[in-house]
Amino acid sequence: MKKLHKNKESLVDSLDKCWDQMPVKKQHSFILYFFAGYLLLTAGVLLQVCCATSNSDHHIPVEHIKNPVFEKKESPAYLQDTLPLILKNKIYERK
């Protein structure tokens, strides 16, 4: 891990030295190119979002809310636990 960190630091230092040795005009042009690329990427994303939202239908379906209690089926855990049911049946059979 330390070796990886040293390699990363040396790479960053070499890139920093190259950037400092570059003429100011070239640095300025690099920054402008990166900014122009960022603007193009942003414009593309905004255009894609606008196209996606303009093609969607503006109709929201209104439906009744279904009660999940009524739709709930008996759980398998209830069916597996039949001992209290058997005991209750035996109590009622004795009478």
Side-chain angles (χ1 to χ4, degrees):
M1 194 66 176
K2 290 182 182 181
K3 187 176 180 181
L4 183 65
H5 184 67
K6 285 181 183 180
N7 287 340
K8 183 186 70 146
E9 287 294 324
S10 65
L11 179 66
V12 169
D13 288 339
S14 66
L15 288 174
D16 193 33
K17 286 178 186 176
C18 288
W19 181 260
D20 289 337
Q21 291 174 356
M22 196 181 301
V24 176
K25 273 190 166 183
K26 200 166 188 180
Q27 287 179 0
H28 185 69
S29 64
F30 267 106
I31 291 172
L32 285 178
Y33 289 141
F34 283 120
F35 185 67
Y38 175 74
L39 282 179
L40 284 173
L41 184 66
T42 304
V45 168
L46 288 176
L47 182 66
Q48 182 182 9
V49 168
C50 288
C51 288
T53 56
S54 68
N55 291 339
S56 67
D57 57 344
H58 298 288
H59 178 66
I60 300 175
V62 178
E63 298 176 357
H64 292 287
I65 299 174
K66 297 177 182 176
N67 191 349
V69 174
F70 294 128
E71 294 177 3
K72 186 176 178 184
K73 296 180 181 176
E74 292 186 21
S75 66
Y78 175 73
L79 296 175
Q80 291 174 358
D81 189 12
T82 57
L83 185 61
L85 183 65
I86 294 170
L87 290 176
K88 285 181 183 178
N89 286 342
K90 285 186 178 182
I91 291 172
Y92 292 124
E93 287 176 2
R94 290 181 188 168
K95 290 183 180 180

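The analysis underlying the following values was restricted to heavy atoms, covering all of them including side chains, and did not include hydrogens, waters or symmetry mates.
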What's the separation between atom [atom1] in [X] and atom [atom2] in [Y], rounded to the nearest 0.5 Å?
X	Y	atom1	atom2	value
Phe30	Lys25	CZ	NZ	15.5 Å
Leu4	Lys2	CG	NZ	13.5 Å
Asp20	Asp16	CG	CG	4.5 Å
Gln27	Gln21	CD	CD	10.5 Å
Leu32	Leu39	CG	CG	10.5 Å

Exercise. May I ask you to check whether over 12 heavy atoms, not counting those of Glu9, lie within 6.0 Å of atom CD?
Key: yes

Quiz item: Minimum heavy-atom separation for Thr53 to Cys50, with atom names?
Solution: OG1-O, 3.1 Å

Quiz prompt | From CA spacing to verdict: side chain to side chain contact (heavy atoms under 4.5 Å, CB included), Leu15, Trp19 | solution = CA-CA 6 Å; Leu15 288 174; Trp19 181 260; over 6 Å; no

Quiz item: Between Asp13 and Ser10, is a side chain to side chain contact (heavy atoms under 4.5 Å, CB included) present by the stated rule, with each step listed?
Solution: CA-CA 5 Å; Asp13 288 339; Ser10 65; 5.6 Å; no

Quiz item: With hydrophobic residues grouped by side-chain heavy-atom distances under 4.5 Å, do Phe34 and Met22 end up in a single group?
Solution: yes

